[in-house]
Each structure stands twice: as C-alpha cells, then as structure tokens.
Student: 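Before I ask anything, let me first share the structure, which is written out below as structure tokens.
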Amino acid sequence: MDLSYLVGFFLKNRVNRIVFSYLARKNKNGKSILENLLIFYTNQHPLRITTRLKLFPFYLFFEIGRFCLNQTKQEAKQKLSDPIFQHGIALTMRSVGKYGMRKPQIFSAPPVVVWNFTNACNLKCRHCYQDAGKKLQQELPLTKRLDIVDQLAREDVFSIAYSGGEPLMDKEIWKAIERGSKYNLYQSIATNGTLITPDVVKKMVDVGLNYVEISLDSTKPEVYDNFRGVPGLWKRAVEGIENVVAEQKLKVGIASTVTKYNFDELEELIQFSKNIGADKFYAFNFIPIGRGKNIVDADLTPEQREKMLNILYEHYKKEHFVCMTTAPQYARVCMMRSSSGEVPTSHYTDARGKKARVLAEFIGGCGVGRAYCSIQPDGIVTPCVFMPIPVGDLKLKSFAEIWNTSPILKELRVREDLEGHCGVCDYRAACGGCRARAYGYFGNYKAPDPGCINNKDVFLELKSRQGEGAKLTNM
C-alpha cells in the first residue's frame with residue numbers, strides 16, 4: 001500500500017486527532033500523558049503496574065503509527081528516546097489534533113524560533129538584514145529572556161536558533177542557552193565566527209549547545225572583507241570554524257549568502273566546507289531588507305538560482321554531504337531530480353526514501369508564520385527575521401497569545417491565495433516560495449517570489465521597473 005496514503009490515513013483520521021489532543025494535553029504542572037507513554041514505549045525506566053495498564057491502549061496506538069510510518073520497533077524506540085524528537089512528537093500531535101492533517105501543516109507552536117538576541121555586532125556586512133551594529137537601548141533584561149525560553153519550552157517549541165547581530169557579543173547568551181538545555185531543546189547559534197576562541201567553544205559545550213553555524217561568503221580574504229565591511233577578519237572567521245570543528249561534541253555548518261559577488265565561488269565554498277571538516281553547507285537566499293536594500297543588483301537571476309540549487313543537489317546526492325539552502329525551491333528541484341528520494345523537508349532538515357516527499361509536503365518549505373517565527377532583541381515578534389513586520393510584543397503578551405491570535409500570522413498560513421505561479425505551482429505544498437523575498441520586493445507577502453525560475457516573467461518586469469528608476473515597494 002502507498003506510504004503517503006497510510007500516513008495520511010493515520011494523521012487525518014478523526015479518532016486519531018481526538019487521541020492526539022488527549023495525549024498532548026498538559027496538566028497544571030505542564031506534564032502530559034504523552035510523557036509517561038514515551039517512557040513506557042521506550043522502556044526508559046519502570047512505571048507502576050497501574051500506570052502501565054492505563055497506557056497499554058495507547059501503546060497499541062503507537063504500534064499502529066509505527067506500522068503506518070514504515071519503521072521497525074527498534075527504529076521507533078531509538079527515535080522516541082531522543083528528548084528533542086519527543087518535543088517534535090508532542091508538537092505534531094497537538095498540531096494535528098488542533099488543525100487536522102494539512103499540506104503544509106499548520107503548527108500549534110512553531111517548531112523553530114530564530115531569536116535575534118542582540119543588535120550588537122563587530123562587523124558591517126553589506127547584506128545585513130538587521131542593519132546591526134550597536135546594542136539597542138531597549139534590549140530585554142536577562143529575567144525576561146529566561147522567561148521567553150520558559151514560554152517556548154512550554155509550547156513544545158523544540159529548536160531555538162540564536163542570531164543577531166553577533167550573539168556572542170552578549171554575555172547573557174550563555175544563561176539563555178543553559179536555560180534551554182534544562183528543557184532538552186535543540187539549540188544553535190548563528191555567528192560570524194570571529195569571536196570563537198577555544199575557550200568560547202568549551203563554553204558552548206558546557207552550556208549544552210548543539211550546533212554552530214558560521215558565516216563565510218568567500219574563500220578569498222579580500223572578497224570576504226569587502227562584503228563583511230571590516231578588513232582582516234577572514235582569517236579570524238576561518239580560525240573560528242577550525243576551533244569548533246576540533247570539538248567533536250558540536251556540529252558545525254558553514255553558511256554563505258549567495259549573490260553575484262560570490263556565485264562563481266559556490267563550488268569552491270562547498271569544497272572548502274568539506275575540507276575544513278564542517279558537517280553542512282548552507283546557501284542563504286539574498287533578501288533585500290536592512291542594508292541589503294542598498295545592493296539589490298547583487299541578487300541572483302532566476303537562472304542563477306536554479307543553477308545554484310542544482311549544484312547543491314549534485315553534491316548532496318553524489319557525496320551525501322549535507323547541502324541545504326533557505327531557498328524553498330530546493331524541495332522542487334530535489335523532487336524533480338531525485339530517484340532515490342533525497343528531499344529537504346525544510347530549510348534545516350532532510351530525509352531519504354519514500355517518506356521524504358510525504359514529510360516535505362507536511363513540513364512545507366517556507367515556514368514563515370506557520371512553522372517558524374522570529375524574536376527581535378527588544379521582544380518584538382516578527383514572522384521571519386527577513387520580514388520586519390511586528391505581530392506582537394513579548395513584553396506585553398505571551399508567546400502563545402501572539403502565535404495563536406495574530407491576524408498577519410493567520411494570513412501567512414494560507415497558500416491558496418498566493419499570487420503568480422506560486423499560487424498554482426504543483427510544488428506549492430513543499431515550497432510556497434520565499435514570502436520574505438516577496439515582501440522585500442513588493443511590500444506584499446502574497447506576491448510571487450521573483451527568484452524562482454517559474455516566476456521569471458515577474459523578475460524581468462521587476463528589473464525593467466528598477467531600470468526606470470522605481471524603488472522597492474517597502475523602502
């Protein structure tokens with residue numbers, strides 16, 4: 001029987017939705033039946049006989065789910081023993097229980113939150129979406145920062161990505177990560193790498209950080225220094241990468257914002273990442289906001305972006321080196337070309353085999369406002385770090401209230417009314433186009449993503465208008 005049918009049947013079934021809601025419901029102490037069930041299912045430690053008897057029907061429920069998802073019992077137990085995976089299961093159950101099975105899925109809380117922890121930065125990058133530099137006067141105090149971590153954990157958010165600015169310039173970052181580790185959250189940090197000494201790496205391990213993403217836009221020091229705005233720091237960034245790679249307890253990825261400045265270096269950047277010992281390479285989309293508004297002409301053409309996506313796929317397929325991108329069209333390219341099923345299920349996760357396509361459409365490419373959002377240094381919530389639209393203030397409202405009631409977030413969760421080819425694309429569920437690029441170019445997050453080859457006519461019209469002196473709509 002077709003796997004997608006089985007998964008769909010299991011997740012869409014109304015009875016199962018009721019069970020999901022029941023299992024994921026939390027008591028006044030923040031505990032759910034699901035927690036005891038996972039202990040029971042994975043045999044992590046003994047439970048009382050009466051508790052085991054109460055949980056046995058749900059044990060059978062998990063067994064049916066395992067069969068539908070085509071997993072062996074050992075595979076299921078191994079995954080369900082992982083606290084981070086447990087967060088994911090709890091959130092998925094709550095989400096399907098609340099919204100039903102969707103393609104793409106709407107989540108009751110975002111699986112991933114990117115937190116611009118501070119506006120302070122030691123570089124002056126030409127493409128900086130945050131226009132970072134000095135610390136803001138209204139940045140949050142430590143007590144509020146820790147409260148936000150508590151809130152995210154309560155909502156079953158299972159991944160926090162700390163960014164900036166340069167997050168390592170704020171010493172309170174360690175307290176926040178330490179707090180997140182208490183809840184077994186998956187935590188990463190996005191940094192320019194220039195401040196990563198061996199002592200900083202040791203601190204990262206001590207507080208329980210999982211992953212470090214370091215920006216490097218060129219293998220050539222002079223190109224990097226020109227793009228990053230401060231001379232002589234390429235060497236320090238590379239040393240930072242080497243320091244993290246040397247610590248095997250941390251995973252490390254190299255991230256490059258791909259523009260016309262470094263497009264011809266893409267192969268070299270990927271090879272550099274492999275040679276230095278990184279675990280992953282990420283090609284970031286250029287978004288025309290922040291200081292990026294001043295270098296709009298550096299954006300790739302749709303043909304160049306399509307070539308970039310195919311280059312990433314070639315490395316991913318042939319060498320099984322993880323090459324990812326924030327361009328959601330990558331899922332389309334992988335689906336079109338893959339015979340063995342390698343498909344990115346989101347910007348940061350991938351899968352192989354028959355289940356990959358099912359998961360890709362479930363998780364759904366661009367997650368803005370649906371599976372992902374961002375927090376600014378002053379506590380303002382925005383749909384995406386690249387989409388500076390305030391949707392709530394954590395100094396005044398809870399995270400749950402903002403996520404569940406914001407009219408803008410609700411609008412972003414709907415793809416049926418997307419404009420241009422994005423609205424009719426066969427890959428709409430797995431991609432959706434980059435809503436931040438649509439907003440950056442048109443001031444309209446429902447507009448077509450002009451970077452996709454299927455919206456080439458929109459890109460040409462946009463360039464024609466720019467050539468006539470028109471400015472970006474949201475400038």
Side-chain angles (χ1 to χ4, degrees), residues 7 10-45 47 51 54-66 68-69 71 75-102 104-113 148-161 179-187 208 210 345-346 348-349 351 355 358-359 362-364 367 370-373 398-401 403-404:
V7 174
F10 185 68
L11 294 179
K12 287 181 179 179
N13 185 283
R14 183 171 177 79
V15 174
N16 290 347
R17 284 182 59 186
I18 295 171
V19 174
F20 286 163
S21 297
Y22 177 71
L23 290 175
R25 188 187 306 145
K26 297 187 178 185
N27 61 26
K28 62 182 180 181
N29 297 318
K31 301 293 183 182
S32 66
I33 295 174
L34 179 63
E35 292 183 53
N36 276 336
L37 178 57
L38 291 171
I39 292 170
F40 178 38
Y41 191 84
T42 57
N43 297 319
Q44 289 176 297
H45 59 75
L47 293 173
T51 303
K54 288 179 182 178
L55 293 175
F56 187 72
F58 300 113
Y59 180 96
L60 296 178
F61 179 79
F62 262 47
E63 283 293 277
I64 295 170
R66 176 180 65 78
C68 287
L69 295 171
Q71 287 191 322
E75 288 173 336
K77 282 188 174 185
Q78 184 177 355
K79 280 191 174 295
L80 291 172
S81 297
D82 181 351
I84 295 169
F85 193 79
Q86 290 177 9
H87 282 293
I89 288 291
L91 180 57
T92 300
M93 283 189 170
R94 284 178 60 197
S95 302
V96 174
K98 183 174 182 178
Y99 293 107
M101 167 70 169
R102 304 282 188 93
Q105 185 61 38
I106 298 173
F107 290 90
S108 58
V112 180
V113 171
I148 290 172
V149 175
D150 294 342
Q151 289 188 54
L152 299 181
R154 283 199 300 270
E155 294 305 308
D156 289 319
V157 171
F158 59 84
S159 179
I160 302 177
R179 187 65 152 246
S181 297
K182 169 187 169 185
Y183 297 107
N184 293 310
L185 301 181
Y186 185 89
Q187 296 179 101
N210 301 93
T345 52
S346 72
Y348 288 89
T349 60
K355 65 183 179 183
V358 179
L359 289 172
F362 179 78
I363 296 175
R370 177 187 56 82
Y372 151 80
C373 72
S398 70
F399 182 83
E401 183 180 0
W403 181 260
N404 290 318

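In what follows, every heavy atom counts, from backbone to side chain, and hydrogens, waters and symmetry copies are set aside.
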Student: So, taking the atom named CG in Leu185 and the one named NE2 in His87, what distance separates them when rounded to the nearest 0.5 Å?
Tutor: 5.0 Å

Student: Look up atom CZ in Phe107 and atom OH in Tyr372, then write down how far apart they are to the nearest 0.5 Å.
Tutor: 15.0 Å

Student: Applying side-chain contact (heavy atoms from CB on, under 4.5 Å), name anything that partners Pro110, two or more places apart in sequence or on another chain.
Tutor: Val113, Val157, Cys373, Phe399, Trp403

Student: Could you check if a side-chain atom of Asp150 sits within less than 4.5 angstrom of a side-chain atom of Tyr183, using non-hydrogen atoms only?
Tutor: yes

Student: Hey, what do you get for CG (Leu152) to CD1 (Ile160), rounding to the nearest 0.5 Å?
Tutor: 4.5 Å

Student: Restricting to salt bridge (charged side-chain N to carboxylate O under 4.0 Å, His left out), what partner residues turn up for Arg94, sequence neighbours left out?
Tutor: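 Checked Arg94 against salt bridge (charged side-chain N to carboxylate O under 4.0 Å, His left out); matches are Glu155, Asp156.
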
Student: With sequence neighbours left out, write down each residue that passes side chain to side chain donor-acceptor pair (under 3.5 Å) with Ser95, or none if nothing qualifies.
Tutor: Ser108

Student: Let me confirm one number: the CZ-CE distance from Phe362 to Met101, rounded to the nearest 0.5 Å.
Tutor: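 So the CZ of Phe362 and the CE of Met101 are separated by 5.5 Å.
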
Student: Can you name the residues that form a side chain to side chain donor-acceptor pair (under 3.5 Å) with Gln151, not counting sequence neighbours?
Tutor: Asp147

Student: Could you tell me whether a side-chain N or O of Arg370 sits under 3.5 Å from a main-chain N or O of Gly364, the two making a donor and an acceptor?
Tutor: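 Yes; judged by distance alone, with no hydrogens or angles, the pair exists.
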
Student: Please enumerate all residues that pass side chain to side chain donor-acceptor pair (under 3.5 Å) together with Gln187, with sequence neighbours excluded.
Tutor: Tyr162, Ser181

Student: For Lys182, give me all partners under side-chain contact (heavy atoms from CB on, under 4.5 Å), at least two apart in sequence or on another chain.
Tutor: Arg179

